[in-house]
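Excluded from the calculations below are hydrogen atoms, water molecules and symmetry mates; all remaining heavy atoms, backbone and side chain alike, are included. All residue numbers in this chain count up from 1 along the given sequence.
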Amino acid sequence: MTRDLDQAFAALADPTRRAILTMLLEDDMAVTDVAEPFEMSLAAISKHLTVLTNAGLISQEKRGRVKWCKLEPDALRAASVWMQGFGQFEPVNLDAFERFLESELPEEST
C-alpha cells in the first residue's frame, strides 16, 4: 500500500498531471485531445500519462488507431483512507476534487 500511495501522491504533485485529471473528470479523451491545450510535445504528455497510469489514477485503452485515457473513479480511495487516519480529512469526493483541481489551475485565456 505504501508504494501505491507514494505513486499517487507523486503523480498528483505535478500541475500538468492535475490538469489532465481535471480534463478526464468530464469524459474519456484521446491522447491527442489531452495534449492539445498544453504547450509541450506529445512525447512529454505521454510521459505524464504513463505516470498517471502507473499510479493507477487513469487507464489507457487502444480503440482502433486511437489511444484513449479514462479516469479511474476509485483510484484515490487508498489515499483518502490514509488521510482519514489523521482524522482531519473527509473521504475523497470527486466533485470536490474537481473544484480543488480547478482552483489550483491558472485560468485559461479566452
Side-chain angles (χ1 to χ4, degrees):
M1 183 165 137
T2 300
R3 182 175 169 267
D4 293 341
L5 285 176
D6 291 348
Q7 287 183 311
F9 287 123
L12 293 171
D14 185 274
T16 299
R17 292 192 285 270
R18 291 192 306 267
I20 291 168
L21 291 175
T22 300
M23 293 165 54
L24 292 174
L25 280 169
E26 297 295 320
D27 200 3
D28 298 359
M29 295 179 75
V31 170
T32 53
D33 293 333
V34 170
E36 185 183 316
F38 299 100
E39 294 183 15
M40 61 181 71
S41 68
L42 189 56
I45 289 295
S46 291
K47 288 181 182 180
H48 284 295
L49 293 173
T50 297
V51 170
L52 291 168
T53 301
N54 290 341
L57 300 176
I58 68 168
S59 58
Q60 296 184 63
E61 170 187 19
K62 194 158 187 174
R63 300 179 198 160
R65 293 182 169 177
V66 179
K67 197 170 199 178
W68 288 80
C69 301
K70 175 184 175 183
L71 185 67
E72 289 300 323
D74 294 329
L76 293 174
R77 186 174 313 280
S80 176
V81 168
W82 182 81
M83 289 186 294
Q84 287 175 40
F86 292 94
Q88 301 173 26
F89 301 96
E90 296 295 320
V92 170
N93 174 307
L94 287 181
D95 291 332
F97 185 58
E98 177 181 17
R99 288 189 297 274
F100 167 76
L101 290 175
E102 288 172 351
S103 73
E104 290 292 309
L105 300 174
E107 292 293 320
E108 292 184 24
S109 305
T110 54

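Side-chain contact between E61 and D28 is absent, with no heavy-atom pair separated by less than 4.5 Å.
Closest approach of L57 and L71 over heavy atoms only: O-CD1, 3.6 Å. Of all heavy-atom pairs between E72 and G56, the closest is CB-O, 3.5 Å. Between P37 and M23, the shortest heavy-atom contact is CG-CE, 3.8 Å. Smallest separation of non-hydrogen atoms from Q60 and T53: NE2-OG1, 2.8 Å. The two atoms that bring A79 and F9 nearest to each other are CB-CZ, 3.9 Å, heavy atoms only.
Note on M40: it clusters hydrophobically with I58, by side-chain heavy-atom contacts below 4.5 Å among ILVMFWY residues. Cluster membership check: L21 shares its hydrophobic cluster with L76, using side-chain heavy-atom separations under 4.5 Å among Ile, Leu, Val, Met, Phe, Trp and Tyr. No chain of hydrophobic side-chain contacts below 4.5 Å, direct or via other Ile, Leu, Val, Met, Phe, Trp or Tyr residues, connects W68 to L42.
Checking each of D14, I20, L24 against L52 for a side-chain contact (heavy atoms from CB on, under 4.5 Å) leaves exactly one that passes, namely I20. For the side-chain contact (heavy atoms from CB on, under 4.5 Å) criterion with M29, the lone passing option out of T32, D27, D33, V31 is D33.
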Please report the C-alpha distance between K67 and L49 in whole Å, then the side-chain angles of each, then the deciding distance to 0.1 Å, and finally whether the side-chain contact (heavy atoms from CB on, under 4.5 Å) criterion is met. CA-CA 11 Å; K67 197 170 199 178; L49 293 173; over 6 Å; no
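R17 contributes no side-chain N or O that, together with a main-chain N or O of L12, makes up a donor-acceptor pair within less than 3.5 Å.
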